[in-house]
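So the structure is just underneath, and the comments pick up after that.
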Amino acid sequence: METKIVAIDENNIDLNVINEAGSIIKNGGLVAFPTETVYGLGGDALNKESSKKIYDAKGRPSDNPLIVHIADLKDLEHIVSEIPETAVKLADAFWPGPLTMIFKKSPTVPKETTGGLDTVAVRMPSDKIAAAFIKASGGYVAAPSANLSGRPSPTLAKYVIEDMDGRVDMIIDGGASFVGLESTIVDLTEDTPVILRPGYITKEMLENALLTKVSYDKAIIDSDSKTPPKAPGMKYRHYAPKADLTIVEGDNTKVIEKINMLGREQLDAGKKVGVIATEETKDKYDKNFVVKSTGSGEDEANAAHFLFKILREFDDEETDVIFSESFDGEGVACATMNRLVKAAGHHILNV
Ligand code: AMP
Ligand code: MG
């Protein structure tokens with residue numbers, strides 16, 4: 001398949017290109033597009049053939065449901081059977097934005113889109129290009145992240161091209177994704193709202209908007225939990241870099257000492273060593289390591305923004321072993337750590 005690659009300036013959106021992308025979706029094709037979280041791989045959410053194509057293009061197991069993206073709140077009632085009061089409050093506080101909510105689905109949504117479930121995940125992105133594209137596509141775009149299954153989610157169009165060229169009809173380049181991690185997912189189908197995947201919108205933000213307690217799905221806080229995660233996608237080892245990744249956690253000085261020691265052992269064994277650090281620590285490592293900075297550790301959002309890009313770069317540079325500092329914080333750092341721990345296959349050293 002020939003993939004058309006186009007760039008769109010979010011401050012001057014070319015409606016000809018948007019309409020062409022919309023027609024592709026309406027005709028059952030696939031378009032990768034930018035959002036504020038990560039790039040999405042879009043198809044018509046109400047067309048089961050389109051959903052099948054998405055799974056094929058990604059190489060994704062078809063029991064892993066897709067998020068339906070809308071651009072207008074009034075479109076929600078068409079695809080869900082019930083809109084709880086909690087959803088109205090959360091939509092008011094966080095939509096458009098990086099929050100996905102799980103609802104009981106209406107019969108309009110094919111089971112191919114929801115991985116066989118009776119529930120549907122819905123999000124309204126804030127990215128202006130995404131919103132225009134969803135409207136031009138008929139209002140309902142099913143989209144997982146636009147990476148091949150198992151690779152880090154793409155935060156730049158060049159990574160979408162790397163994974164999806166020849167597999168989709170069009171790729172829209174809209175620049176770097178603002179957040180850099182996938183949306184927070186919250187399940188509203190039970191009595192207490194439950195976070196199924198942490199993201200930029202934190203537990204505290206949800207609780208402040210709802211004035212009730214919100215809990216985490218057991219499977220995301222307890223890696224030994226026998227309960228399967230409620231978001232089927234969370235059971236897969238996502239975001240796996242090609243290199244062996246180890247997180248070193250503890251007091252800053254000790255972390256740097258430990259990474260220098262372990263890294264030198266790997267260098268002596270002829271390996272290419274990468275380190276994930278911050279602006280404040282990056283100069284404290286052996287000069288023979290490839291050290292990448294996630295920006296200043298003062299702002300939690302920096303590590304979220306750069307993590308997937310750095311993992312991709314280490315892949316491209318054929319790094320053999322990666323050591324990462326851990327990221328502390330109460331906000332989006334929890335989501336960054338969730339992704340990093342998965343990428344490391346739960347390999348964490350405490351010093
Ligand atoms: P991605 O599309 O790559 O951001 O992944 C979508 C995530 O949303 C996966 O972890 C899915 O398992 C999860 N998800 C989508 N729909 C549902 C649903 N109806 N119930 C629970 N989790 C869902
Ligand atoms: Mg994904």
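Both counts, for ligands and for their atoms, begin at 1 and track the order of listing. Note that these values count all heavy atoms, side chains included, but never hydrogens, waters or copies made by symmetry. Here the structure is a predicted model, which means the values were calculated and not measured.
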Heavy-atom contacts under 4.0 Å between [X] and ligand 1: side chain, backbone, both, or neither?
X	answer
Arg60	side chain
Leu196	side chain
Asn64	side chain
Leu117	side chain
Ile185	side chain
Arg197	side chain

**Item:** Working for side chain to side chain contact (heavy atoms under 4.5 Å, CB included), residues Ile276 and Leu311
**Value:** CA-CA 9 Å; Ile276 304 178; Leu311 291 177; 4.1 Å; yes
Answer yes or no: is there an ion pair linking [X] with [Y], defined by an N-O contact shorter than 4.0 Å?
X	Y	answer
Lys284	Glu325	no
Arg123	Glu36	yes
Lys135	Asp75	no
Asp217	Arg197	no

**Asked** Do you see a donor-acceptor pair shorter than 3.5 Å between the side chains of Thr3 and Arg167?
**Response** no
**Request:** State whether the number of non-hydrogen atoms from other residues, nucleotides or ligands found under 6.0 Å of Glu204 atom CD is greater than 12.
**Result:** no
**Prompt:** Is the CG atom of Asp191 crowded by more than 12 outside heavy atoms at less than 6.0 Å?
**Reply:** no
**Item:** Ligand-side contact atoms (ligand 1) for residue partner Thr119, heavy atom cut-off under 4.0 Å
**Value:** 18 (C), 19 (N), 20 (N)
**Request:** May I ask you to list the atoms of ligand 1 that are less than 4.0 angstrom from any heavy atom of Lys230?
**Result:** 21 (C), 22 (N)
Evaluate [X] for polar contact with ligand 1, using N/O atom pairs at a separation under 3.5 Å.
X	result
Lys58	no
Pro232	yes
Ser145	yes

**Request:** Report yes or no: does a heavy atom of Thr114 sit under 4.0 Å from some atom of ligand 1?
**Result:** no
**Residue of the set Lys282, Glu279, Glu280 for which side-chain hydrogen bond (donor to acceptor under 3.5 Å, both in side chains) holds with Ser293** =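 The residue from Lys282, Glu279, Glu280 that satisfies side-chain hydrogen bond (donor to acceptor under 3.5 Å, both in side chains) with Ser293 turns out to be Glu279.
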**Prompt:** Any N/O/S atom of Ser153 sitting less than 2.8 Å from the Mg ion (ligand 2), backbone or side chain?
**Reply:**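 Ser153 does not place any N, O or S atom closer than 2.8 Å to the Mg ion (ligand 2).
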